[in-house]
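Read the structure below first, then the notes.
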2 protein chains.
Amino acid sequence: MKKQPTREKLLDITFDEVYIHGYTATSVDTILKKAGIPKGSMYHHFKGKKELVLAMVQERLFPKMELFFDFEKKEGATVTDALRSTFAGVSRNKPLIIYGCPLYRLMVELSPVDETFDTVLSTKAMQIQDNLALLLQKGIEDGEFNETLSSKDFAAYIQESTWGVLSLSPSLSSSSHFIKHSKFILETLAIYKN
Amino acid sequence: MKKQPTREKLLDITFDEVYIHGYTATSVDTILKKAGIPKGSMYHHFKGKKELVLAMVQERLFPKMELFFDFEKKEGATVTDALRSTFAGVSRNKPLIIYGCPLYRLMVELSPVDETFDTVLSTKAMQIQDNLALLLQKGIEDGEFNETLSSKDFAAYIQESTWGVLSLSPSLSSSSHFIKHSKFILETLAIYKN
DNA sequence: CCTTAATTAGACCAATTAGTCTAGCCATAG
DNA sequence: CTATGGCTAGACTAATTGGTCTAATTAAGG
């Protein structure tokens, strides 16, 4: 087993720790110990804790988000189908179901308190939302939905209510629970079907 | 202005601090300094930080939640009206709109990591959800909704999607945004109207 | 091989953390 | 007035925090 480059290893461990314990509750020393990397190395690669986590957000968290929430419309399929398959993918993702959306959890912790994180995280959130809105817009243009559907507003609705279920207490979370939730969303969307 | 009893003052300040900064990022010393209360007094009233915050949860946070989310059906009104008025109340509550639901935020931070908090917070969450389910059930019995509505599932749906919008980044939150969200929920509910 | 720069290593530091402890204050019951 | 018990006061502690610093090691280019 080839040794993983220091920087990459640090980003991996940082993701794991921050995902579950949050930014503040994760100490640099813990990360270092779990990674088996001495302090000097870390501070050679990153200016400090905040920069390490910010890099982790860009290089680990965001790519994962793109994986989870890609709303690609498959050839010939409807927008509803594309959404259904995204939801199904999420429901099969164990960590996402148990611990919730890492982007949202970090946003809940840090947005009210740290401007840098707020900007970075909400920008990405809006970007994902915009993709979703684009998909819905396509549905309108294709005649799947009628003009009374506001693609922007509904994209926000989907994103935020999905965040809400996902980031529940692990003791209340399950994939079947999530599936029920996503059915309600699809029912609402169906109101706007032509 | 009469001096507030030590214990009560501590609970007030603790709520403010934990609400915005979270449990971990709030230090005992900060609370003490803001409250102008010496350490000995605090440790006389509470065994430690965790117990202080747990008491705050019971005596400040939970009562506030009951205020925010009371789903009382007014004389003669429909369940839909009761919900609409609850949403309106929430949308007028500035801190709730800006910083989100304090119960949910604490749950997001601590549930995966602390069993005591998880139990206390999710029990309360379920209690509120049960009240909401009861209201919906009444709607079914009154003939406002048909039998295909699962009051339990829909109550969860309302609660969790509402949490999702509320606890967004302050920079993305506004009462008008929340109102749009609540309209979608009511539209979904309307599907089940008789 | 030798020089140079990148990286590793970890001892060290000041500040902050939650929590302890003892001395004294102060209200009230006798 | 005095004795008692609840409460206040804050100095102190041990552990942990994020961060610095310098020396040693390693890798790469000539």
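Note on naming: letters A, B, ... go to the chains in the order of the sequence lines (proteins, then strands), and numbering restarts at 1 for each one. Note: hydrogens, waters and symmetry copies are ignored here, and every other heavy atom, side chains too, is used.
Between B:His44 and D:dT8 there is no side-chain N or O to OP1 or OP2 distance below 4.0 Å. For D:dC7, the OP1/OP2 oxygens have no side-chain nitrogen or oxygen of B:Thr6 closer than 4.0 Å. Taking only side-chain nitrogens and oxygens, A:Ser27 comes nearer than 4.0 Å to OP1 or OP2 of D:dT17. Remark: A:His45 is not in phosphate contact with C:dA6, judged by side-chain N or O atoms under 4.0 Å from OP1 or OP2.
Atoms SG and NZ, on B:Cys101 and B:Lys64 in that order, are 12.5 Å from each other to the nearest 0.5 Å.
Distance, B:Asp29 CG to C:dT20 C1': 13 Å, rounded to whole Å. Atom NZ of B:Lys33 is separated from atom C1' of C:dT17 by 14 Å (rounded to the nearest Å). Between B:Tyr23 atom OH and C:dT17 atom P the separation is 13 Å, expressed in whole Å.
Between the side chains of A:Tyr192 and B:Glu187, at least one donor N or O sits under 3.5 Å from an acceptor N or O. Donor-acceptor pairing under 3.5 Å is lacking for the side chains of B:Gln137 and B:Lys152.
In this structure, the nucleotide among D:dT8, C:dA18, C:dT8 sitting nearest to the side chain of A:Pro38 is C:dT8. Candidate nucleotides C:dA11, C:dA18, C:dT8 were compared by shortest atom distance to the side chain of B:Val28, and C:dA18 ranks first.
Ion pairing of B:Arg7 with B:Glu59 is present here, as a side-chain N (NZ or NE/NH1/NH2) and a carboxylate O approach within less than 4.0 Å.
Between the side chain of A:Lys49 and the base of D:dG19, no donor-acceptor pair under 3.5 Å is found.
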